[in-house]
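Worksheet for the structure shown next.
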Amino acid sequence: MPTEARRKRDTRAVNVGLVSNAILAALKTSVGIVGRSPALLADGINSTSDVAYGIVVSIFMRVAGKPPDPEHPYGHQQIENVAALVIGSFVVTTAIAIFWDAVNSVYKLLTGASEFGGASLIALWVALATVVVKIGLTLWTRKIAARSNNAAVFALAYDHRNDVFSAAAATVGIAFGRIGFSWIDPLVGAVVSLIILRTGIKILQDSTADLMDTIPGNTLRGRITEIVAPISGVQQVEEVQVHRFGPYLVTNLTIGINGELSVAQGDAIATEVEEALDEGIEYMRRVHVHYHPPNPSFSSQPEGSTDHTNQESSAR
């Protein structure tokens, strides 16, 4: 997907989610208070936190769309992972707050410290409407995230999915509360908070792994070798190092070629390797190819060792 088209789609996903969450937050919080539903109120607080980090993410997305500069030669897309980290932190914090409030409400009901006569009918309808809206947002946002491979948009899709569970649980709790089982309403809020917590931790793990340059090692290396090895003139595929920059990949590759070839001939082989990887691997942003005569001891070298190169060619 072209960079500009990708940026517009991702920004649209963030903005639609932000507006939707703002409307739902106001509706669920007010109805949760007026309609006497702890579960819907907890869900409203969850949506309010969604609005807060949605604003943060929208700012980060603008920065991610800035073109490369001397300090950031590969662009600013890495900040998408920082945005995902922010989302994960907000999700975890919200989950803990909802759990604590729900457990406290259950305790007060069971000990008689407070009374709860059941939520109003409008609270039930608002919870059901939230389920429908969030299912639609989850499917739509996940589709955009799959096309753009944007960590922040994936995190938003996860959060929309969380809201489906949260609203569905609130619906169940409100329904049972209306028929006399008042303690189920806040208890459902506690269960929902655990689901939200799990997703928040997953978002944090994924975004942290991306920031630490975690890549699908053997799988990606095998794919690169599979593309490069058949190219005429390539006698060895030695070091393969790949780094992430947002959704994009930058590769440093060392190959062995006939040492009697001229510099121009070696450069032609390196250029062919660059073009093959650029076309064969999605989201490849740049390829740097080092070439030298075949290394007889290559098979006995430890993984990640550094070879001295005679020449270097870098794509674009």
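Just so you know, residue 1 is the first one in the sequence shown, and it goes up from there.
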Margin query: With side-chain contact (heavy atoms from CB on, under 4.5 Å) as the criterion, how do Q235 and I257 come out once you've worked through the C-alpha distance, each side chain's angles and the decisive distance to 0.1 Å?
Written below: CA-CA 5 Å; Q235 298 180 1; I257 65 172; 5.7 Å; no
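- Residue I135 is not grouped with residue V16 when hydrophobic side chains (ILVMFWY) are merged at heavy-atom distances under 4.5 angstrom, including chains of intermediate members.
- Under the 4.5 Å side-chain heavy-atom criterion for Ile, Leu, Val, Met, Phe, Trp and Tyr, V131 and I23 are members of distinct hydrophobic clusters.
- Looking at T138, its side chain does come within 3.5 Å of a backbone N or O of R161 through a donor-acceptor pair.
- Summarising the geometry of K28 relative to S47, their closest heavy-atom pair is NZ-OG, 2.7 Å, with the distance given to 0.1 Å.
- Residues V234 and V273 form a side-chain contact, since some pair of their non-hydrogen atoms from C-beta on lies under 4.5 Å apart.
- Taken together through direct or relayed side-chain contacts under 4.5 Å among Ile, Leu, Val, Met, Phe, Trp and Tyr, V164 and L137 form parts of separate hydrophobic clusters.
- S20 places no side-chain N or O within 3.5 Å of a backbone atom of G17 that could act as its donor or acceptor partner.
- Between P293 and G259, the closest heavy-atom pair is CG-CA, 3.8 Å.
- Residues satisfying the salt bridge (charged side-chain N to carboxylate O under 4.0 Å, His left out) test with E226, not counting sequence neighbours, are R223.
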Next item on the list: Walk me through it: do L121 and L124 pass the test side-chain contact (heavy atoms from CB on, under 4.5 Å)?
Entry: CA-CA 5 Å; L121 183 60; L124 181 62; 4.1 Å; yes
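- Rounding to the nearest 0.5 angstrom, the gap separating the CD1 atom in I269 from the OG atom in S232 is 6.5 Å.
- Here W125 contributes atom CH2 and T171 contributes atom OG1; the two are 10.5 Å apart, rounded to the nearest 0.5 Å.
- Side chains of H290 and I255 form no contact here, defined as non-hydrogen atoms less than 4.5 Å apart.
- Looking at every heavy atom in both residues, L40 comes nearest to G32 through CD2-N, 3.9 Å.
- More than 12 heavy atoms of other residues, nucleotides or ligands shown are found within 6.0 angstrom of CG on L139.
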Next item on the list: Before giving the answer on side-chain contact (heavy atoms from CB on, under 4.5 Å), spell out for L128 and V132 the whole-Å C-alpha distance, their side-chain angles and the decisive distance to 0.1 Å.
Entry: CA-CA 7 Å; L128 283 171; V132 174; over 6 Å; no
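- To the nearest 0.5 Å, atom CZ of residue F99 and atom CG of residue L194 are 5.5 Å apart.
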Next item on the list: Could you please spell out the steps behind the side-chain hydrogen bond (donor to acceptor under 3.5 Å, both in side chains) verdict for E238 and H292?
Entry: CA-CA 10 Å; E238 299 181 17; H292 59 194; 3.3 Å; yes
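- Distance check, rounded to the nearest 0.5 Å: OH of Y291 to CD of Q265 gives 10.0 Å.
- The CZ atom of F154 sits 9.0 Å away from atom CZ of R142, with the distance rounded to the nearest 0.5 Å.
- Across all their heavy atoms, I144 and A13 have their closest contact at CD1-CB, 3.9 Å.
- Summarising the geometry of I231 relative to A276, their closest heavy-atom pair is CD1-CB, 3.9 Å, with the distance given to 0.1 Å.
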Check: Under the side-chain contact (heavy atoms from CB on, under 4.5 Å) criterion, do K134 and N21 qualify, and how do the steps go?
Finding: CA-CA 9 Å; K134 283 296 182 175; N21 284 329; 2.4 Å; yes
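- Taken from OG1 in T141 to CG in L156, the straight-line distance is 7.0 Å, to the nearest 0.5 Å.
- For the residue pair P230 and I227, the shortest heavy atom distance occurs at CD-O, 3.4 Å.
- Under a hydrophobic-cluster definition in which Ile, Leu, Val, Met, Phe, Trp and Tyr are linked whenever side-chain heavy atoms come within less than 4.5 Å, directly or via other members, L204 and I96 are assigned to the same cluster.
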